[in-house]
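The structure presented is a predicted model; accordingly, all values stated were derived computationally and were not measured.
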Amino acid sequence: MEELIDLAIVLGLVLGLGWLADRLGQSPIPAYFLGGVLLGPNGPGELGIVEPSEPLQLLADLGLIFILFFLGLEFSFARVRAAGRFIAVGGSTDLILGAAAGVIAGILLVDDLLAVVVIAAAVYVSSSGIIVKALSDFRRLADRETDLILAVLVVEDVIIAFFLAVVGTLLLTGDASTGETVGTVAIALAALLVFGLLARRLSRLLSRALERLEREFFIIGTGAIVVGIAVLFEEIGLSIAFGAIMAGVLFSDSPVRSEIEERFFSFRDLFGAVFFFAFGLSVNLAPIFESAQIVALALVGVALAIVAKIAAGVLTGRLTGLALRRGVSAGNSLVARGEFSLVLGQLALAATVLSVADRELVSAFIGVLVVVTAVLGVVTLQYSKRIGRAVEARFEPREGKIET
Amino acid sequence: MSNGEVQETRLPGVGTRYTFELASGGRLVAIIHNDGRREIYSFEDSDADDPTSVLELRDPEAREFGAVVAGAYMRPQVVQELELTLGDLEIDWIEVPSTSPLAGHSIATCQFRRQTGVTVIAILREGEESIPAPEPHETFKAGDTLVVVGRPADIPRFRKHLFEGPESEIAWDARP
C-alpha cells in the first residue's frame, strides 16, 4: 500500500512539473529530471519528499526499455536515405564537431577513457524528442533549414542506437579487466550478427502473429516480446538497453510498426516520465559544485556543447549552399539535449566498470548539461530565425545576391 | 517555378511536406503529420522567411476541406433535391451554341422528343425572363440555355442533335 501511495505522489508531482514546464513554453523532459533532483534525497535543503524505491525503479526500468524500444523502432536505413540531401554532410559535420566538443568536455572532467566516451556521446546527441516537438509548436516545419535539422537528428538517432547498444553494454557488465571487455564486445558483435541474420524472418513471423491477435492481446503480446527480448539480452551477458533497442529494430520495417507506435506511445510517455524523475532522484549534483574549478570546467563543457551545435549548423549550411541565416538558425535549433543524454547519464551512474567518483561526476555533469541545454535550446530554437537574420545582417549585408 | 509544380519532401519523425510554388509568386506548404494532423503554411513570396498564415486541420476536416478545394464536393442544393425526385432520369443545362443549325427554330420543329427522347423543360435567356414549361411552338436562339430532362444515355444524343443538326430529315419552318 505504502508503495502505491508513493507512486501516486510521484505521478502527481510529475504531472505538476510537466504541466508547469509546458506553461512556461518548455519541454517537460528536463522538468521531470530537475524535479527528481530537487525533491529527492540529494536535493538542496534535503527536502527528501520522495525516496527512491524498488517499485519506482521497476517502473523507471520499464521507461528505459520503452524509450529505447522507440529509438529502435525509428532505426531504419531506408528512412535515413529518404531524409534527403543533408544526410551525409549534415550528419558527419555534426558528428565530428559534436563528438570533438564532447571529448574535450570529457577530458576536462574525468581521466577514465570510458567515462570520457560516455560524456562525449551525451554531448553529441541532441534531443529529437524536444526539438521535433518545438519545431512543430513554433510552426517551423515549412522552413528550408528544417530539412537539415531533421536529417541531423535522424543520423544522430541511428548512431546513438548503435552506441547505446554496445557501450551501454560495456558499462553495465563486469569489471574493467581487458579479458572481460573483449568477451563482452565479442558477445555483443555475435548477438548483432545473429540478430541481423534472423531479423527479417523473425520480424515477419512475429508481425504475422501479432496481426492476428485482437487488440488487447496485441498489446500484451508486444509487451511480452519487448520486455522478453530486453531481459534475454541481459541474460546472455549483454544489457537491457541493447535488447530493448533490438526489439525496436525488429519491428522498424514491419507492417505492425505504426500500430505498435500508436498503442505504446502512452506507455513510453508514462514510464518515461517516471524514468527521468527517478534518475533525478538518484543523481547527486554535489560533485559538480565541490570546487570552483569543477564548476568552471563543467560550464566550459556545456558552452562547448552549445557552440558545437551552432557551428555544425553554420558549417553544414555553408557546405550545402544554404543562406547564412538558415545555417545559423539550424544550429541554434539543435542545441537541446534530452532523453538519450539522460539515458547515458543513468547508465553511467549504474556502471560497475567506472569508479564511484567518476560515476557521480559523469551523471551529475550530464544532468547539468541536459537541464541547461534543454531550457536554453527551446529558447534559441524559438528565436533562431531572428538570430540567423541578425547574424546575416552583421556579417553578410545584402548585395542583391541570389537567395537560397 | 510558377507552373503549379508540387515538391514532396519527407520529414523524418514528423510526416510529409508538399510545397506548391504559386503563379502569384507565393508558396503554399502542406504538411501531413504522421498522426493525421494537417498544417497549411502560406508564404507571400517564395523566399519569405515567415509564413503569413498557418492553418491547422484534423484529419476529417482536412479531407472535407480538400474535397471542397478540389471542386469535388459541393453541388448546388437544387441539383441534389432534383436527383432525389428524378430517379433514373438526368437533368442537364445545355447552352445553345451559335453554330447550332437549330437555333431560331421552335421546339416542335426540332423534334427533340421524337428523335432523342429528351424533353426541354425550360428555356433560360440571359437578361430576359426565362420560359418555364415552354409550349412546342416556343422558339429558342443561340446563347439560350435549355434545361432538359431525359435518360442519361439520351443526353449525349440530344447534344449532338442540337450542336450538329438532326440525324433524320425534319420539316424546317420559316425563320422568324
Side-chain angles (χ1 to χ4, degrees), chain A residues 70-71 73-76 78-87 91 127-158 257-258 261-262 265 323 325-326 329 384-389 392 398 401-404, chain B residues 1-70:
Chain A
F70 268 81
L71 175 62
L73 274 181
E74 290 291 325
F75 187 101
S76 155
R79 226 158 294 142
V80 169
R81 247 176 283 126
R85 67 181 178 123
F86 295 111
I87 279 292
S127 167
S128 39
I130 295 176
I131 294 169
V132 170
K133 177 158 190 310
L135 285 174
S136 181
D137 286 351
F138 294 125
R139 310 283 191 204
R140 296 280 304 279
L141 294 174
D143 298 340
R144 277 163 223 259
E145 63 267 30
T146 296
D147 296 14
L148 166 58
I149 299 166
L150 294 176
V152 165
L153 292 176
V154 166
V155 176
E156 284 189 357
D157 284 359
V158 166
R257 171 173 168 261
S258 57
E261 281 190 340
E262 217 171 282
F265 265 135
R325 64 175 189 287
R326 299 199 192 274
S329 172
S384 71
K385 282 162 125 181
R386 267 191 233 175
I387 300 170
R389 279 194 286 264
E392 195 171 75
R398 299 199 180 190
K401 61 194 173 105
I402 300 159
E403 300 276 321
T404 46
Chain B
M1 283 233 283
S2 53
N3 49 359
E5 245 178 66
V6 182
Q7 190 197 350
E8 184 181 335
T9 319
R10 289 220 23 163
L11 302 177
V14 178
T16 313
R17 174 174 63 205
Y18 299 88
T19 306
F20 301 74
E21 304 287 351
L22 303 178
S24 64
R27 184 158 58 104
L28 265 188
V29 179
I31 290 160
I32 303 187
H33 289 254
N34 289 335
D35 62 12
R37 260 183 319 129
R38 315 286 209 281
E39 277 180 291
I40 297 164
Y41 292 69
S42 83
F43 293 85
E44 228 152 59
D45 70 274
S46 186
D47 279 317
D49 278 348
D50 295 308
T52 37
S53 71
V54 182
L55 199 71
E56 188 173 333
L57 301 168
R58 288 153 188 264
D59 184 69
E61 294 166 344
R63 283 172 194 283
E64 252 174 66
F65 183 70
V68 172
V69 173

Who pairs with B/Ser42 by side-chain hydrogen bond (donor to acceptor under 3.5 Å, both in side chains), at least two apart in sequence or on another chain?
-> B/Thr52, B/Ser53
Under a 4.5 Å heavy-atom cut-off, does chain A meet the side chain of B/Leu11, its backbone, both or neither?
-> both
Going by residue number, which parts of residues 131-143 of chain A are within reach of chain B, meaning a heavy-atom gap below 4.5 Å?
-> A/Val132, A/Ser136, A/Arg139, A/Arg140, A/Leu141, A/Ala142, A/Asp143
Can you name the nearest heavy-atom pair linking A/Gly91 to A/Val152, along with the distance?
-> N-CG2, 4.4 Å
Which residues pass the salt bridge (Lys or Arg N to Asp or Glu O under 4.0 Å) test with A/Glu261, sequence neighbours left out?
-> A/Arg257
Partners of B/Tyr18 by ring pair (Phe, Tyr, Trp, His ring centres under 6.0 Å), sequence neighbours excluded?
-> none
Of A/Lys385, A/Arg144, A/Arg325, which meets side chain to side chain donor-acceptor pair (under 3.5 Å) against B/Asp49?
-> A/Arg325
Any donor-acceptor pair under 3.5 Å from B/Arg38 side chain to B/Gly36 backbone | yes
Side chain, backbone, both or neither: which part of B/Asp35 has a non-hydrogen atom closer than 4.5 Å to chain A?
-> neither
Are any non-hydrogen side-chain atoms of B/Val14 and B/His33 less than 4.5 angstrom apart?
-> yes
